[in-house]
J.: 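Here you go, one structure.
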Amino acid sequence: MRAMKTKKFNRTICVLVSLLIGVLVLVPETAGGAWLLLVGSLMVASLLMAWFNSTLSAHVVHLLVYLHVLKGPDDYIESAMQVDDYDSFATWIIVTTKGNLLSTLLTCSVCLSFHLAFWVSLFFVLFVGAPVTWLVVGTLSMPIVANIGLNILKKI
């Protein structure tokens with residue numbers, strides 16, 4: 001059992017090192033690329049931690065109801081207002097959307113991390129001056145670094 005965990009850990013480290021080397025090679029400013037990867041991964045990990053480990057999802061649902069973005073029958077609105085943590089949010093969204101793509105995106109940490117990494121990478125390109133290639137590099141490298149960091153934090 002321990003050997004299997006060690007192999008999995010070694011594979012993870014190999015993938016991580018490969019991605020870091022890819023970032024350092026593809027981004028012209030090597031130090032800037034590593035810095036963007038670190039900061040971007042921390043941003044994605046923070047957003048994931050806030051979404052999955054707090055009541056942020058419940059507050060978003062309540063805000064959307066308050067702003068009349070979520071519309072529907074009274075029982076639908078009443079069920080939305082009963083969402084009070086992430087677990088009840090996940091149940092509510094899967095039931096109300098019948099398990100469509102949106103519910104998968106909002107309840108899967110890997111799926112959500114790729115989308116968040118894209119938006120963080122776009123922010124870096126538009127406002128920080130990262131090269132356009134960073135959209136691809138950041139979107140494909142930040143999720144693994146963010147999820148590894150998030151899993152390490154969960155174990156602490």
Side-chain angles (χ1 to χ4, degrees), residues 4-70 80 83-94 96-97 99-156:
M4 208 156 87
K5 284 186 178 182
T6 305
K7 282 183 181 180
K8 189 175 181 181
F9 179 76
N10 288 341
R11 265 187 274 146
T12 304
I13 294 298
C14 289
V15 169
L16 182 60
V17 169
S18 300
L19 288 172
L20 284 172
I21 290 170
V23 168
L24 296 176
V25 168
L26 289 175
V27 177
E29 307 84 18
T30 303
W35 179 250
L36 288 177
L37 177 64
L38 177 65
V39 171
S41 298
L42 288 173
M43 291 170 70
V44 171
S46 296
L47 291 168
L48 288 173
M49 191 173 63
W51 185 256
F52 290 108
N53 298 326
S54 72
T55 58
L56 178 64
S57 54
H59 293 303
V60 168
V61 170
H62 295 164
L63 179 66
L64 293 176
V65 168
Y66 178 76
L67 296 174
H68 301 290
V69 174
L70 286 179
V83 172
D84 59 354
D85 62 0
Y86 176 76
D87 293 332
S88 63
F89 166 77
T91 303
W92 174 80
I93 196 158
I94 289 170
T96 58
T97 62
N100 70 7
L101 187 61
L102 178 65
S103 65
T104 302
L105 171 67
L106 295 176
T107 57
C108 169
S109 65
V110 174
C111 305
L112 188 56
S113 68
F114 273 95
H115 288 270
L116 291 172
F118 170 78
W119 292 109
V120 168
S121 297
L122 184 64
F123 173 82
F124 285 162
V125 168
L126 294 176
F127 299 108
V128 179
V132 177
T133 55
W134 184 253
L135 272 175
V136 175
V137 173
T139 301
L140 295 177
S141 60
M142 276 191 254
I144 190 167
V145 177
N147 279 299
I148 288 171
L150 196 60
N151 288 334
I152 289 171
L153 286 175
K154 284 181 183 178
K155 290 179 183 178
I156 293 177

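From a predicted model like this one, the values you see are computed outputs, not experimental measurements. If you read the sequence from its start, that first residue is 1, and numbering goes on from there.
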J.: Which atoms form the tightest heavy-atom contact between S109 and L48, and what is the distance?
T.: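 Heavy atoms of S109 and L48 come nearest at O-CD2, 3.8 Å.
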J.: How long is the gap from CG on L135 to CZ on F123, to the nearest 0.5 Å?
T.: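 So the gap between those two atoms works out to 13.0 Å.
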J.: So which of V44, L42, T139 actually passes side-chain contact (heavy atoms from CB on, under 4.5 Å) with V120?
T.: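 One option only clears the test, and that one is V44.
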J.: Within this structure, what is the CE-CG distance for the pair M43 and L38, rounded to the nearest 0.5 Å?
T.: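 One gets 11.5 Å once the value is rounded to the nearest 0.5 Å.
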J.: Calculate, to the nearest 0.5 Å, the distance between atoms OG1 and NE2 belonging to T55 and H62 respectively.
T.: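 Reported value, rounded in 0.5 Å steps: 9.5 Å.
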J.: So, for N147 and S113, which heavy atoms are closest and what is the spacing to 0.1 Å?
T.: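 Minimum heavy-atom contact is ND2-OG, 3.1 Å.
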J.: Could you check whether the rings of F89 and Y86 sit parallel, tilted or perpendicular, using 30° and 60° as the cut-offs?
T.: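 Rings of F89 and Y86: tilted, as their planes differ by 30° to 60°.
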J.: Identify, with sequence neighbours excluded, every residue that meets side-chain hydrogen bond (donor to acceptor under 3.5 Å, both in side chains) alongside D84.
T.: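 For D84 the side-chain hydrogen bond (donor to acceptor under 3.5 Å, both in side chains) partners, ignoring immediate neighbours, are S88.
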J.: Closest heavy-atom contact between V39 and F124?
T.: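 Residues V39 and F124, closest heavy atoms: CG1-CZ, 4.1 Å.
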J.: Specify the closest pair of heavy atoms between F52 and L106, including all atoms of both residues, with the distance to one decimal.
T.: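 Scanning both residues completely, I find the closest heavy atoms to be CE2-O, 3.9 Å.
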J.: Could you tell me which non-hydrogen atom of P143 sits nearest to which non-hydrogen atom of G138, and how far apart they are?
T.: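 Nearest pair, atom of P143 first, then G138: CD-O, 3.9 Å.
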J.: Minimum heavy-atom separation for V125 to P131, with atom names?
T.: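 Answer, listing the atom of V125 first, then P131: CG2-O, 3.5 Å.
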J.: Between the main-chain N or O of G129 and the side-chain N or O of W134, is there a donor-acceptor pair closer than 3.5 Å?
T.: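 Side chain of W134 to backbone of G129: no pair is present.
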J.: Take L116 and W51, measure what side chain to side chain contact (heavy atoms under 4.5 Å, CB included) needs, and give me the verdict at the end.
T.: CA-CA 11 Å; L116 291 172; W51 185 256; over 6 Å; no
